[in-house]
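What follows is a set of notes on a single structure, which appears directly below.
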Amino acid sequence: MKAHKAGFRVYYEDTDAGGIVYHARYLAFAERARTEALRMAGTPVSALQEEAGLVFVVTKLGIEYHQPLRLDDWAEITTSIDSIGAARCQLRQVVTCGDMHAATLTVELACIVPGSGRPARIPPRWRASIEALSNQG
């Protein structure tokens with residue numbers, strides 16, 4: 001597997017009164033794309049807690065808006081890995097609509113023990129899925 005692409009349609013509920021995607025909706029689009037990327041790699045996010053008693057949480061998020069998405073646009077989010085450590089990883093998500101570059105998100109996820117919030121090593125199965133989101137190959 002390499003960088004994962006997820007497509008979506010922009011609906012009325014995603015836009016402001018001018019028909020432009022509301023800035024916070026990009027976060028929801030990106031969350032869904034990250035979830036689908038891991039699912040397609042064979043490691044659904046729900047299984048991390050069921051099998052290992054761990055969860056991923058967002059610890060840092062950066063978003064740069066380039067050009068707006070609009071009502072009825074068909075857009076894609078490409079999710080790839082920037083880096084991975086023992087308990088954290090950083091992903092890059094690029095939002096496009098055809099040839100138009102709409103936004104770039106940089107997301108840091110930490111693997112933690114729910115309840116205590118203590119960091120935990122990313123289990124090997126999930127590490128392999130995240131590493132598979134390389135732009136190489």
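Here the structure is a predicted model, which is why all the values come from computation and not from measurement. Quick note: residue numbers are just sequence positions, from 1.
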>> Taking atom CZ as the centre, does Arg118 end up with more than 12 heavy-atom neighbours from other residues, nucleotides or ligands that are less than 6.0 angstrom away?
In response: no
> Is any side-chain heavy atom of Asp82 less than 4.5 Å from a side-chain heavy atom of Leu91?
Replying inline: no
>> Within the structure provided, determine whether Ile20 and Leu69 are in side-chain contact (heavy-atom separation under 4.5 Å).
In response: no
>> Just verifying a value: how many Å separate Leu48 CG and Arg125 CZ, rounded to the nearest 0.5 Å?
In response: 9.0 Å
> Does some side-chain heavy atom of Phe29 sit less than 4.5 Å from a side-chain heavy atom of Val21?
Replying inline: yes
>> Hydrophobic cluster membership, with links at side-chain heavy-atom distances under 4.5 Å among I/L/V/M/F/W/Y: are Trp74 and Met100 in one?
In response: no
> Is there a side chain to side chain contact (heavy atoms under 4.5 Å, CB included) between Leu54 and Gln49 once you walk through the steps?
Replying inline: CA-CA 5 Å; Leu54 303 171; Gln49 188 164 11; over 6 Å; no
> Any donor-acceptor pair under 3.5 Å linking the side chain of Arg121 with the backbone of Cys111?
Replying inline: no
> Does the side chain of Asp72 reach to within under 4.5 Å of the side chain of Tyr12, using non-hydrogen atoms?
Replying inline: no
>> What's the separation between atom OG1 in Thr78 and atom CG in Leu133, rounded to the nearest 0.5 Å?
In response: 11.0 Å
>> Quick check for you: to the nearest 0.5 Å, what is the distance between Glu76 atom CD and Thr96 atom OG1?
In response: 5.5 Å
> Asp14 and Tyr22: side chain to side chain contact (heavy atoms under 4.5 Å, CB included), yes or no, with the steps?
Replying inline: CA-CA 6 Å; Asp14 301 319; Tyr22 181 66; over 6 Å; no
>> Are the side chains of Thr43 and Arg39 in contact, using a 4.5 Å heavy-atom criterion?
In response: no
> Any side-chain heavy-atom pair from Ile63 and Tyr26 closer than 4.5 angstrom?
Replying inline: yes
>> Please verify the inter-ring angle class for His66 with His101; under 30° counts as parallel, over 60° as perpendicular, anything in between as tilted.
In response: tilted
> Does Asp16 reach the main-chain N or O of Gly18 with its side chain, forming a donor-acceptor pair under 3.5 Å?
Replying inline: yes
> Is there a donor-acceptor pair closer than 3.5 Å between any side-chain N or O of Tyr11 and the backbone N or O of Leu71?
Replying inline: no
>> According to a hydrophobic-cluster definition based on side-chain heavy atoms being under 4.5 Å apart (Ile, Leu, Val, Met, Phe, Trp, Tyr only), do Val45 and Ile130 belong together?
In response: yes
>> In the structure I gave you, are the side-chain heavy atoms of Leu105 and Val95 within less than 4.5 Å of one another anywhere?
In response: yes
> Donor-acceptor pair, Ser134 side chain versus Glu131 backbone, under 3.5 Å?
Replying inline: no
> Quick one: salt bridge (charged side-chain N to carboxylate O under 4.0 Å, His left out) pairs with a partner in residues 58-70, sequence neighbours left out?
Replying inline: none
> Does a donor on one side chain sit under 3.5 Å from an acceptor on the other, for Arg88 and Thr59?
Replying inline: yes
> Does Ile77 share a hydrophobic cluster with Val107, counting links as ILVMFWY side-chain heavy atoms below 4.5 Å and allowing steps through other members?
Replying inline: yes
>> When you compare the side chain of Trp126 with that of Glu51, does any pair of heavy atoms fall below 4.5 Å?
In response: yes
>> Is there a path of hydrophobic side-chain contacts, each under 4.5 Å between heavy atoms of I/L/V/M/F/W/Y residues, joining Leu61 to Val55?
In response: no
> If Ile, Leu, Val, Met, Phe, Trp and Tyr residues are connected whenever their side-chain heavy atoms lie under 4.5 Å apart, and connections chain through other members, are Ile84 and Val57 in the same group?
Replying inline: no
> Should Tyr65 and His23 be marked as a side chain to side chain contact (heavy atoms under 4.5 Å, CB included) after you check the CA-CA gap, both sets of side-chain angles, and the distance that decides it?
Replying inline: CA-CA 8 Å; Tyr65 300 97; His23 70 277; 3.4 Å; yes
> Which atom pair, heavy atoms only, marks the closest approach of Ala87 to Ala120?
Replying inline: CB-O, 3.1 Å
>> What's the separation between atom CD in Gln93 and atom OG1 in Thr79, rounded to the nearest 0.5 Å?
In response: 4.0 Å
> Roughly how far, to the nearest 0.5 Å, is the CD atom of Gln67 from the SG atom of Cys97?
Replying inline: 10.0 Å
>> Run the side chain to side chain contact (heavy atoms under 4.5 Å, CB included) test on Glu31 and Thr35 for me, step by step, so that the C-alpha distance in whole Å, both residues' side-chain angles and the decisive distance to 0.1 Å come before the verdict.
In response: CA-CA 6 Å; Glu31 178 76 28; Thr35 299; 4.0 Å; yes
> Would you say the side-chain atoms of Gln90 and Ser83 include a donor-acceptor pair closer than 3.5 Å?
Replying inline: no
